[in-house]
Amino acid sequence: MVGMDLCHFSRHFKEYTELRLQENRSVRITFVKGNATVNSAAASSGLSCRVYKNGSWGFASTPLISKTSAEEIIKEATNNTVFLDSRLRKNRPGLPVTTGSGNYDFTTKKKRYSKKELYDFIKTIDEHVKNTYPDLSSRTVGISCMDMEKSLVTSDGTNYHSMIPRSFIIIILTKEKNGEHFDLYEPLGGFGQFEDIFNTPEEVYPRIEQLYQHLSKKVEGVYVDAGMKTCILGSHLTGILAHEAIGHTVESDLVMSGSIAADWIDKQIASPLITLIDYAHSYNGQLCPVPVFVDDEGTPAEDAVIIDKGVLKSYMHNKESALHFKVKPTGNARAYAFSDEPLIRMRNTFILPGTNKLEDMISSIDDGYYFIRSNNGQADMSSEFMFGISLGYEIKNGKIGRAIRDTTISGVAFDMLKTVDMVSDEYHWSGAGMCGKKQPMPVGFGGPDLKCIVNVGGR
Amino acid sequence: MDSLRQQAKYGLDSLIMTGAKKSQCSIGHTVNHEFNVENGKISLLRTTHNTSLKMDVIIDNKKGSIYGNQITKEAIDQNVRDVIDMANTSLPDTAHDISPYQPKEEFRANVTEPEYDLMYDRLTEFLSQVKDRYPTVQLGQSMLNFLRFDDICLNSNGVDFSSSLCLYRCSIMFSAKEGDKVSSFNQTGFMSKDLDRPMLEYGDMNELLRQITEQIHTNAVKGKFVGDVVIAPSAMNDFLYYLIGVISDSDIITETSPYQKSLNKQIASPIFTLMSQPISDELAAKEFYTSDGFKSENSVIVDKGTLKTFMLSLYGANKTVFPRAVNSGKNLVIPQGATSYTDMIKSVKRGILLVRFSGGSPSQNGDFSGVAKNSYYIEDGQIKNPLAETMVSGNMVEAFKSIEEISMERINDGVSILPWVKMSGLTVSGK
């Protein structure tokens, strides 16, 4: 990213002001059935400024990175605020003062792969899949890497720089039976630049083998039996549940817009086995998939304890919502691109593990399902959710049975969480999440396996 | 525009001089003026400027692509070096190509300036009308934008297209709340070349806001039945995007599409026609030329149930034996049907009105299931009650064949013109 001393411009700040310099860089290479369909790189950079006055906000951005353009967008954002304030006259008080600082740069210390080395890395994996699994009807092998680099100064005194990368190898395997095609998708990787995650192509072969074995069973899979069923949500599904069905209802902007969670603080809204936290950057001494140390309003990011032993304890906040609810900002204000304003977003939303063994959870179910992977999920402010299931198995008489075809599960999350009676002691994180809420945003989520009752959609 | 042209020409010349005999360079500039609404009140005025640079290079049948937003001479020079490096590392594929020479054209639609006062006044009028007519409505993140897009696309075969387009765009997210009861959220919006009438009068804005106030109190369907589903225009795109997806490059190239052998064959009810109209005067949104450098034309995708074209890019066409589509499948239009909406509802013995579909991605063979959101139960020709926790499932391929009626009424939201469509034989299941 082009370097620039943003502190130099703070003398132009007339009201509460944020000035941000940002660059998002990405690389994508994709082979579809051996054809090199994508070989691209992208970069998007620029300056943005946001200004607050009496409850009105103004924002401006430009791709031009220069002293003149910085001064111009400060002026334009200020003018936008003045225009709105002159019309709206909200006369709200000033925002809470928060000051973050530091340089959190996770650029790899290793030598970067050249374009050719990166290309050959993926090509080797594609050749392996082609040669090892000749019965596949199609295959997609690719990489997707993204670096997000930001510098921020605010009129509160924040001076912060970060470079947060994530990198994935994408595998999609497709098999055909009787003219029908079945597929499974797996993103491998997470936080870090490619060199810090992947050393050799051979490292990922066991995961591909696992995916292939699941696919071979799915091809022989059965339609699920529709209705309310006792099920185990695998850790990936638990993570999506934490994010989509619970997390969004407790983002404080949505709480103010009428979320079901608005009236439930300090109420029992889930089984006492459920504790849900939106971690800022670390869990158990390890970095989370999408670490946020200082948010895009300059607030040092803190963990937000949302549900503690089944009781709703708090929401996620930016400065303005913290002012409204008379609490501390939690550092959840995040912007995706240089041209985006910060919104209240999740970071690493996680349901804490319990004490049960997965085997015991399975053996406790006579007739149900074990859902392992989802291909998408949606929820709304009533916490009613829907997850597409791309991988799962029957549970019959306490044992894993046949694989199932794609299906959908749904429910009201706060009702469903009350049915949780077993929580596994193992957990997994997923770092591949991309949340959509006006802007896209990389997010982490995870958790243990949950035994619960959900509505399963059948044929 | 002159400055964009100079930079695009500099980029293309640099690519050619560096050895990329087949190359394309596109440079664009976008300005966005946006009023944001949070919790029913205007909260933010946002002005953003951005530029875009896209270079595609084919050297000895090997392709590289680069995207950026810096268009200084230094940035263009660096991108030229990087994209050529990428092409050189790639594998050869004879299907890679650029579009052939077409006559130079300049496209312009509704080029004008934003009117802040008009935008502010229309937005405050809208907020006030919603508050008066629908007091239980909670408006979440919503916005009104004025957008200007300028773009130049040049390639080494002599293609020289430029375009300028201005439009207003609105999107709203909303729910309704009474005491501690809340509805599901819903969302809608529109694009328009002007703001010459109240925002509530565009697209389905007023109807969906009215409906949400009824959806605070819902019931689940009891048990499971097979019945009719009336797809509202707001839910129709979920079905159309599936169809467009499985007749596009990826599925046709890998021969995994359920329509692989269906070109010029009956794939839907004879009363169903689907068109893509990227240059329609009826629609505010436009696609003047495709990303691979072809002038866009309006087309018929499905004609009276018969599949007339796959939606293949130049690469997809070269990779298969099928012709290239003449657009990218945007601005979808279904012609008006013969049944009134009222008669369509009356004809349903037992079924649902599907207003929003929240579902998993359909499987490769078209099987789908999902939640019927913001939807209604229909029995004996009457809309009975809003639904909760009700799922609808079926098969997309069969669903298009099962279309029985298409409404005379249609919704034009500036991006598509779609009617209500009645499908039969779908499974509805509740608690």
Side-chain angles (χ1 to χ4, degrees), chain A residues 32-33 35-36 39-46 57-63 76 80 83-84 87-88 115-116 119 137-138 174 180-183 226 228 253-254 256-260 263 339 341 375-376 378 380-382 384 386-389 405-408 410-412 438 455 457-459, chain B residues 38-39 41-51 63-70 82 85-87 89-91 93 116 120 138-141 175-177 180 182-185 224 250 253-256 315 319 358-361 363-365 367 369-371 373 388-389 391 393 427 429 431:
Chain A
V32 178
K33 234 177 165 176
N35 298 304
N39 181 19
S40 69
S44 178
S45 58
W57 290 96
F59 181 95
S61 70
T62 174
E76 192 165 18
N80 283 350
F83 174 89
L84 271 195
R87 298 293 188 100
L88 298 170
K115 291 183 179 69
K116 183 166 190 327
Y119 197 87
S137 59
S138 184
T174 308
E180 278 189 60
H181 295 270
F182 300 81
D183 57 19
M228 300 299 289
D253 52 341
L254 297 186
M256 288 188 275
S257 296
S259 154
I260 190 84
D263 305 312
S339 53
E341 75 280 20
N375 54 14
N376 73 336
Q378 293 175 13
D380 68 29
M381 288 187 283
S382 63
E384 188 176 359
M386 174 291 306
F387 300 148
I389 302 293
R405 288 174 169 238
D406 288 354
T407 187
T408 302
S410 67
V412 174
K438 188 180 180 191
N455 191 11
R459 200 177 199 190
Chain B
E38 289 269 5
N39 312 318
K41 296 185 177 68
I42 296 172
S43 57
L44 166 73
L45 173 55
R46 176 168 171 253
T47 310
T48 64
H49 303 262
N50 205 356
T51 43
K63 184 176 179 183
S65 299
I66 203 156
Y67 305 82
N69 76 332
Q70 298 297 323
D82 285 347
D85 193 16
M86 290 170 73
T89 62
S90 193
L91 285 179
D93 185 340
Y116 272 13
Y120 181 86
Q138 310 272 314
L139 273 174
Q141 201 164 61
S175 59
K177 187 170 187 183
D180 61 353
V182 296
S183 71
S184 290
F185 78 85
K224 180 168 129 178
S250 177
I253 291 171
T254 56
E255 301 182 344
T256 55
Y315 175 77
K319 202 74 192 163
S358 174
S361 306
S363 62
Q364 204 73 37
N365 73 343
D367 284 345
S369 61
V371 182
K373 307 287 288 186
E389 298 187 69
M391 299 187 86
S393 57
T427 301
S429 57
K431 277 192 163 180

Starting at [atom1] of [X], measure out to [atom2] of [Y] and round the result to the nearest 0.5 Å.
X	Y	atom1	atom2	value
Asn35(A)	Lys319(B)	CG	NZ	3.5 Å
Ser363(B)	His181(A)	OG	NE2	11.5 Å
Asn455(A)	Ser429(B)	CG	OG	6.0 Å

Side-chain heavy-atom pair [X], [Y] within 4.5 angstrom cut-off:
X	Y	value
Ser90(B)	Tyr119(A)	yes
Leu88(A)	Lys41(B)	no
Thr174(A)	Thr254(B)	no
Thr47(B)	Asn80(A)	yes
Leu84(A)	Ile42(B)	yes
Lys177(B)	Met381(A)	no
Val182(B)	Asp380(A)	no

For chain A, the option from [options] that forms the most heavy-atom pairs under 4.5 Å:
options	value
Ser184(B), Ser250(B), Ser183(B)	Ser184(B)
Gln364(B), Glu255(B), His49(B)	His49(B)
Gly359(B), Ala388(B), Gly64(B)	Gly359(B)
Gly68(B), Gly370(B), Gly140(B), Ser358(B)	Ser358(B)
Thr48(B), Asn39(B), Leu45(B)	Leu45(B)

Inset, instruction - May I have the step-by-step check of side chain to side chain contact (heavy atoms under 4.5 Å, CB included) for Asp82(B) and Lys115(A), ending in yes or no? - result: CA-CA 9 Å; Asp82(B) 285 347; Lys115(A) 291 183 179 69; 3.7 Å; yes

Flag the one option from [options] with the top tally of heavy-atom pairs under 4.5 Å to chain B.
options	result
Lys438(A), Met228(A), Glu341(A)	Lys438(A)
Ala36(A), Gly388(A), Ala42(A)	Ala42(A)
Gly258(A), Ala41(A), Ser382(A)	Ala41(A)

Say whether, by atom type as modelled, one donor and one acceptor occur between the side chain of [X] and the main chain of [Y] under 3.5 angstrom.
X	Y	value
Asp253(A)	Glu38(B)	no
Asn50(B)	Pro63(A)	no
Arg46(B)	Ser339(A)	yes
Ser369(B)	Thr408(A)	yes

[X] portion near chain B, given a 4.5 angstrom heavy-atom threshold:
X	result
Phe83(A)	side chain
Lys33(A)	side chain
Leu254(A)	side chain
Glu384(A)	both
Ser45(A)	both

Inset, instruction - Say whether Ser257(A) and Gln141(B), considering side chains only, have a donor N or O and an acceptor N or O under 3.5 Å apart. - result: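 Their side chains do not contain a donor-acceptor pair, so the 3.5 Å distance test is not met.
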
Legend entry - Shortest non-hydrogen contact from Thr256(B) toward Ser138(A):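 Closest heavy-atom pair between Thr256(B) and Ser138(A): CG2-CB, 4.2 Å.
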
Legend entry - Distance-minimising heavy-atom pair for Asn39(A) and Thr89(B):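 Shortest heavy-atom separation between Asn39(A) and Thr89(B) comes out as ND2-OG1, 4.1 Å.
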
Side chain, backbone, both or neither of [X] within contact of chain A (heavy atoms, under 4.5 Å):
X	value
Glu389(B)	both
Lys63(B)	backbone
Tyr315(B)	side chain

Inset, instruction - Apply side chain to side chain contact (heavy atoms under 4.5 Å, CB included) to Arg405(A) and Asn365(B), showing your working. - result: CA-CA 11 Å; Arg405(A) 288 174 169 238; Asn365(B) 73 343; 3.8 Å; yes

